[in-house]
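Okay, so here's the structure we're looking at.
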Amino acid sequence: MQSLFWPTSSRTANLVLLILVCIKECISMPDPHQRDLMLKQELAQQVGGSVELTQAEEHLDSLLHQLKIKEMAISPFPPAKHFFKVRHLIQKSPVFKLLQKMPKGKNRFVVKCFLYFILQNYSVLPGAALHIHSSALVSANWLVLNATYRPYCYICFTWEGSVWFQFSAHTPLPRLGCSLWSRLDTLRARLSDVTAFDKSLMQNLTLFTDDPETAYPTQDAVWERFEKIFVALSGLVTYAPVFKDYIYQGLKELYEDNIMYLELRVGQSRAYELDGTTHDKAWSLEVYRNLTEQFRAAHPDFIGSRIIYSIHRSLSVSKVKQAVQEAIKMQRQYPDVLAGFDLVGREDTGRSIWYFREALSLPSELKKDLPFYFHAGETDLDGTEVDRNIIDALLFNTSRIGHGFALVHHPVAKKLSRNRGVAVELCPISNQVLNLVSDLRNHPAGVLMSDGHPVVVSSDDPTLFGTTGLSYDFYEVFVGIGGLSANLGTLKELAINSIRYSSLLPQLKDKAMKVWQEKWDKFISDNSKL
Ligand SMILES: *[C@@H]1O[C@H](CO)[C@@H](O)[C@H](O)[C@H]1NC(C)=O
Ligand SMILES: *[C@@H]1O[C@H](CO)[C@@H](O)[C@H](O)[C@H]1NC(C)=O
Ligand SMILES: *[C@@H]1O[C@H](CO)[C@@H](O)[C@H](O)[C@H]1NC(C)=O
Ligand SMILES: *[C@@H]1O[C@H](CO)[C@@H](O)[C@H](O)[C@H]1NC(C)=O
Ligand SMILES: [Zn+2]
């Protein structure tokens, strides 16, 4: 037989060929062991694939698996639809009552909501939120019902059908785009239906609508509204007294969703007082620090919050340079508060990282350590200058990649980000609402997840997307993007990642991990009895 494999003549060579062909053709069924092996290898490679589960965790995992199978069979499958159209399906909260009354798993509606219920109510995901913008942190509800009800709040209806706000001791002067300012309390006193009016104000502060496809048919259309909302928000949230309560409220909304730690992108706007005077940025950082302390005193298991100093990418090189210098200075002054630097705003129409290379090289020239947390690859313009932000973010040693929607198109960058442990900040609802992807099962992060790429989940702009906390985004990642293969190990690793890839210093990171582990264990023991 040996000679068959070591042919000495062409005749035996032909024989070998014949046998090989026969093996291939005659035994057409693939080897089932090989199949098992391949499946196991793939599962082991995905996010959470190497997480070892305890017996209790395995029990809960199989329960989750069953629920997911049922959930995938129902129509509409929420992750396949625009979030605005299915939020009510995901969110029905009387679920638990129904669940207790009904045999589990029989009622589709219950099953659908049950997954969300687990994610939201049972601290599956105590963890950290690493990608949220400070002016879109709190629900539009709170902004209208609390902030706009304060005295001296003026409103102006803009020529373009939006609103601006300003707190002022005197009636503000007319501005280009908006001619008449009215005091909200006197205006409300004249209205017959204040509730409807307040609802319309909320509509001005969020993208949330019942018919998003008609309201925002293109990326341009949705981004135009998006930017307008930020203008509307800014007059409200930068009023110093509102600002303080607003940040505290933001921490509260996250904490109620089991978030223990926050990294907040903070822009350039300054807080102002009733008489029009403004505070410098150091004031804002101090307020952040003070409020975080205050919040921690009231909630001892809260770890804290840090700031990523951000500037809009539509600005000039010299402005960005100035901001980088400022960030370096503030980091020296408030090292516990300031985590790093970022460029924000729409990538497709804004300037690229490469355009700002001179400004962004300053820290390394000055031998200062200013970590970058760049938004990069929040685009579907493959191969363009915009798309190269992914490469340039990594060349500038970014600590994480905001969105990284385009990363899977760049194998070299992908490998580099993986090897360096540069996590992708995945914000699925944001990507869907801003029209990068419609059915979330097609989100490119599915590739990253099955490949065990470092990923963290965040919510980007909760005010605008009608979410609070991270549970909605976790739902979309776990049920939609991750598909049936995402399991309890995936959830566990995603939660751990949010601490692992945070900017927390080692000592605080350890503390955060300990607090998280306790919460996780409690979640497992609470739920494995289900
Ligand atoms: C707004 O919220 C703050 C802090 O939670 C509270 O003290 C204040 O009374 C509220 N104001 C209004 C008008 O609801
Ligand atoms: C904003 O509020 C005004 C005033 O109530 C309303 O007329 C307008 O339709 C609202 N705009 C949006 C986009 O909801
Ligand atoms: C922050 O707290 C410190 C200590 O309580 C206080 O002195 C300081 O004025 C506060 N800063 C701001 C901006 O409120
Ligand atoms: C990035 O890190 C490498 C390795 O530490 C260093 O050589 C390089 O100068 C850094 N680049 C920038 C732009 O900071
Ligand atoms: Zn963002």
Side-chain angles (χ1 to χ4, degrees), residues 129-139 141-153 167 184-185 188 198 223 226-227 230 236-237 239 241-253 263-267 291 294-295 298 308 310 312-313 324 328 340-347 350 353-354 356-379 389 391-405 416 419-420 422 424-431 433-434 436 456 458-465 473:
L130 303 184
H131 185 137
I132 299 184
H133 296 267
S134 67
S135 38
L137 174 65
V138 169
S139 63
N141 254 18
W142 186 90
L143 286 167
V144 171
L145 297 181
N146 186 300
T148 73
Y149 269 86
R150 297 175 188 225
Y152 304 109
C153 185
F167 288 86
L184 258 178
D185 43 10
R188 279 197 179 101
D198 284 349
W223 272 98
F226 187 83
E227 303 276 2
F230 274 103
L236 276 182
V237 303
Y239 175 47
V242 170
F243 175 69
K244 291 181 179 170
D245 289 345
Y246 168 85
I247 295 300
Y248 199 87
Q249 174 70 16
L251 297 180
K252 191 161 152 257
E253 287 183 13
E263 283 179 17
L264 203 58
R265 259 69 170 194
V266 174
L291 286 174
Q294 201 183 319
F295 193 86
I308 296 170
S310 310
H312 205 279
R313 59 185 342 122
V324 169
I328 291 172
F341 186 85
D342 187 17
L343 294 166
V344 299
R346 188 179 179 193
E347 280 179 69
I353 291 176
W354 193 244
F356 293 117
R357 60 193 178 280
E358 200 191 314
L360 300 175
S361 301
L362 270 181
S364 77
E365 268 166 35
L366 301 171
K367 306 248 179 308
K368 303 285 186 219
D369 185 31
L370 180 69
F372 292 133
Y373 294 87
F374 287 128
H375 277 73
E378 187 188 11
T379 185
N389 279 341
I391 309 277
D392 298 328
L394 287 161
L395 290 177
F396 275 103
N397 297 331
T398 195
S399 299
R400 294 192 301 263
I401 298 174
H403 295 293
F405 188 86
L416 195 61
N419 292 346
R420 286 194 192 159
V422 174
V424 168
E425 299 164 348
L426 167 59
C427 307
I429 294 173
S430 170
N431 297 154
V433 173
L434 295 175
L436 280 174
V456 296
S458 202
S459 57
D460 209 6
D461 305 289
T463 314
L464 277 74
F465 306 141
D473 284 281

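Atoms within each ligand, like the ligands themselves, are counted from 1 in listed order. Just so it is clear, the model here is predicted, and its values are computed rather than measured. Atom set for the values below is all heavy atoms of this structure, side chains included, hydrogens, waters and symmetry mates excluded.
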Do the non-hydrogen side-chain atoms of Arg400 and Val424 ever get within less than 4.5 Å of each other?
no
Atom 9 (O) of ligand 4: nearest protein contact (heavy atom, Å)
Asn397 ND2, 4.8 Å
Angle between ring planes, Phe372 versus Phe374, binned at 30° and 60°: parallel, tilted or perpendicular?
parallel
Please state which part of Arg150 comes within less than 4.0 Å of ligand 1, counting heavy atoms only: side chain, backbone, both or neither.
side chain
Does the protein put a heavy atom less than 4.0 Å from atom 5 (O) of ligand 1?
no
Please state the angle at the Zn ion (ligand 5) spanned by NE2 of His375 and NE2 of His133: what is it, rounded to 10 degrees?
100°
Do any non-hydrogen protein atoms sit less than 4.0 Å from atom 2 (O) of ligand 1?
yes
Any sub-3.5 Å donor-acceptor pair from Ser310's side-chain atoms to Ile308's backbone N or O?
yes
Taking 4.0 angstrom as the limit, do Arg357 and Asp392 come out as a salt bridge?
no
Using side-chain heavy atoms (C-beta onward) and a distance below 4.5 Å, is Thr148 in contact with Leu236?
yes
Among non-hydrogen protein atoms, atom 7 (O) of ligand 1 lies closest to Asp245 OD2, 4.8 Å
Parallel, tilted or perpendicular: which describes the rings of Tyr248 and Phe295, with under 30° parallel and over 60° perpendicular?
perpendicular
For Phe396, atoms of ligand 4 separated by under 4.0 Å from a heavy atom:
13 (C)
List the closest protein heavy-atom neighbour of atom 8 (C) of ligand 1: residue, atom name, distance to the nearest 0.1 Å.
Asn146 ND2, 3.8 Å
Answer yes if the side chains of His375 and Asn389 hold a donor-acceptor pair under 3.5 Å, and no otherwise.
no
With the Zn ion (ligand 5) as the apex, the NE2/OD1 angle for His131 and Asp460 - to 10°
80°
Less than 4.0 Å from atom 14 (O) of ligand 4, is there any heavy atom belonging to the protein?
yes
When you measure from the centre of the six-membered ring of Phe341, is the NZ or CZ of Arg265 closer than 6.0 Å and no more than 45° off the axis?
no
If you scan the protein for heavy atoms around atom 11 (N) of ligand 4, do you find one that is closer than 4.0 Å?
yes
